[in-house]
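Sequence lines set the chain letters: A, B, ... in the order given, protein chains first and strands last, and positions in each chain run from 1. Worth saying up front: this structure is predicted, and the values here are computed from it rather than measured.
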Amino acid sequence: MTLAERGDLKVVGGDVRSFTLQTGGLDLESTLDGGQAFRWWRASAEDEPSVYDGVIGSAAVRIRETGASPDDIEVMIRSNAAAGDFQDTVADYLGRGTDLSELRARFVADPCIGPAVTGFSGLRLLRQDPWECLVSFICSSTSNIPRIKLNVGSVASELGTRVGPGDADFAFPTAEAVAAAGEQFLRDLGLGFRAKYLAPAAEAVASGDLDLFALREASFEDARASLVQLNGVGEKVADCVLAFSLDKPEAFPVDRHIRRALERWYGLPEKTNNSKASDFARERFGRFGAVAQQYMFHRERLAQRANWGGDHVAHALPEDR
DNA sequence: GTCCAGGGTGAAA
DNA sequence: TTTCACCCTGGA
């Protein structure tokens, strides 16, 4: 597949180690640090253009918004090793082609995400490594984003291989490495009860009983059924993995925040369980479910900080917040 | 110092 | 269908 066919992203300049991507306005903060992935660290002040350090595959990278053009981001490789066709790797990671014009057209009048998809169209779905994504969301259970970052970061730095000079510059460890480490090791790392879920999941992937990459070719229903067989993976965690790594844009993960939003904005009855709530949302959003869910999650997070959404949010939020 | 919530899940009632 | 235990970290 060529970059042009992939949709959003196009390499417009630079060389193998430092290049510019034309992104159509991708926003780094909401995309990299909005709860899809947990190993990106901001390297710039809040009031400056975003700069993020992280690892994609076996390369440590720095990604920055240029400021020169809202369409462009600059990518620098911080690893010493030769990067090969790393332009493709980065474009693949960031460049899940979202049909922005159809998203806008279909949801311009949507009560919750309408203002966002028209006024702020920089939030994209990532296409992560399925194994790292699975680990991340197994770790997300009854946790919070700072802690998920801590846990996933510990797994990476303790069991992964160093690929750059920074504290977090580790390639994510293989399922074999995590399986070999075992449950007690993961507990000692601070994962808590999630260790007893992660260790068997690692064994399933390492042994080949679960072929995550094959699930990219499977239907949404089949892929979800495979993931949910893992202990510690319910529909919510499965939907996150499907949406953010397995090419299932119709996946719609429902957590407590999204539940609240569905009740508030779309009249979802309170008694609906999360499984039915996800069905309800997939019915409504179709193949835009995952990106719609990210916009809703982003909105809920920022609404709590009360610095985004303006009057629309202020009017819409109940008094009890 | 104590208290509590935090991108859930599975098992028991 | 509902309730509860599960680990532990950071902020109030």
Proximity to the side chain of A:S141 - top-ranked nucleotide from C:dG10, C:dC6, B:dT9: B:dT9
So, do A:F193 and C:dC6 meet the stacking rule of ring centres under 5.5 Å and planes under 30°? yes
Straight-line distance of A:C133 SG to A:L242 CG, nearest 0.5 Å: 9.0 Å
By the 4.0 Å heavy-atom rule, please label A:N274 as base, sugar-phosphate, or nothing. nothing
Presence of A:K196 side-chain N/O under 4.0 Å of B:dG10 phosphate oxygens OP1/OP2: no
Look at A:N144 and C:dT9 and indicate whether a side-chain polar atom (N or O) is within less than 4.0 Å of OP1 or OP2. no
Expressed as a whole number of angstroms, how long is the span from A:Q229:CD to B:dT9:C1'? 16 Å
Using 4.0 Å as the upper bound for N to carboxylate O, is an ion pair formed by A:R282 and A:E250? no
Pairing nucleotide - C:dC7, Watson-Crick or G-U, each distance under 3.5 Å: none
Using whole Å, what does the distance between atom C1' of nucleotide C:dT9 and atom CG of A:D188 come to? 16 Å
Whole-Å distance, A:E235 CD to B:dT9 P, equals 8 Å
Rounded to whole angstrom, note down the P distance from C:dC7 over to B:dA12. 15 Å
Can you tell me how far C1' of B:dT9 sits from CG of A:D255, to the nearest Å? 14 Å
Quick check on DNA chain B: between A:N231 and A:F297, whose nearest nucleotide comes earlier from the 5' end? A:F297
Hey, which sits more toward the 5' end of DNA chain B by its nearest nucleotide, A:V228 or A:V254? A:V254
Find the distance A:K149:NZ to B:dG6:P and express it as a whole number of Å. 18 Å
If you look at every strand shown and take non-hydrogen atoms under 4.0 Å, does A:I148 touch a base, only sugar-phosphate, or nothing? nothing
Polar pair under 3.5 Å, donor/acceptor by atom type, side chain A:R194, base C:dC8: no
Which part of the nucleic acid, if any, lies within reach of A:F137 when heavy atoms closer than 4.0 Å are counted: base, sugar-phosphate only, or nothing? nothing
Atom-pair distance (CG on A:L198; P on B:dG8), nearest Å: 17 Å
Counting the atoms with a prime plus P, OP1 and OP2 as sugar-phosphate, which does A:G234 contact under 4.0 Å by heavy atoms, base, sugar-phosphate, or nothing? sugar-phosphate
C:dC7 P sits how many Å from A:L150 CG, rounded? 18 Å
A:L230 near the nucleic acid: base, sugar-phosphate alone, or nothing, with a heavy-atom cut-off under 4.0 Å? sugar-phosphate
Can you find a pair of side-chain heavy atoms, one from A:L246 and one from A:L227, that are under 4.5 Å apart? yes
Do the side-chain N or O atoms of A:R147 get closer than 4.0 angstrom to the phosphate oxygens (OP1, OP2) of C:dG10? no
Return the orientation label for the A:F107 and A:F285 ring planes: parallel under 30°, perpendicular over 60°, tilted otherwise. tilted
Among the nucleotides C:dC7, B:dT9, C:dG10, whichever has the atom closest to the side chain of A:T142 is C:dC7
SG on A:C112 to CE on A:M296, rounded to 0.5 Å: 4.5 Å
Please report the distance, rounded to the nearest Å, between OH in A:Y197 and C1' in B:dG8. 8 Å
Among side-chain atoms of A:E29 and A:S50, is any donor-acceptor pair under 3.5 angstrom? no
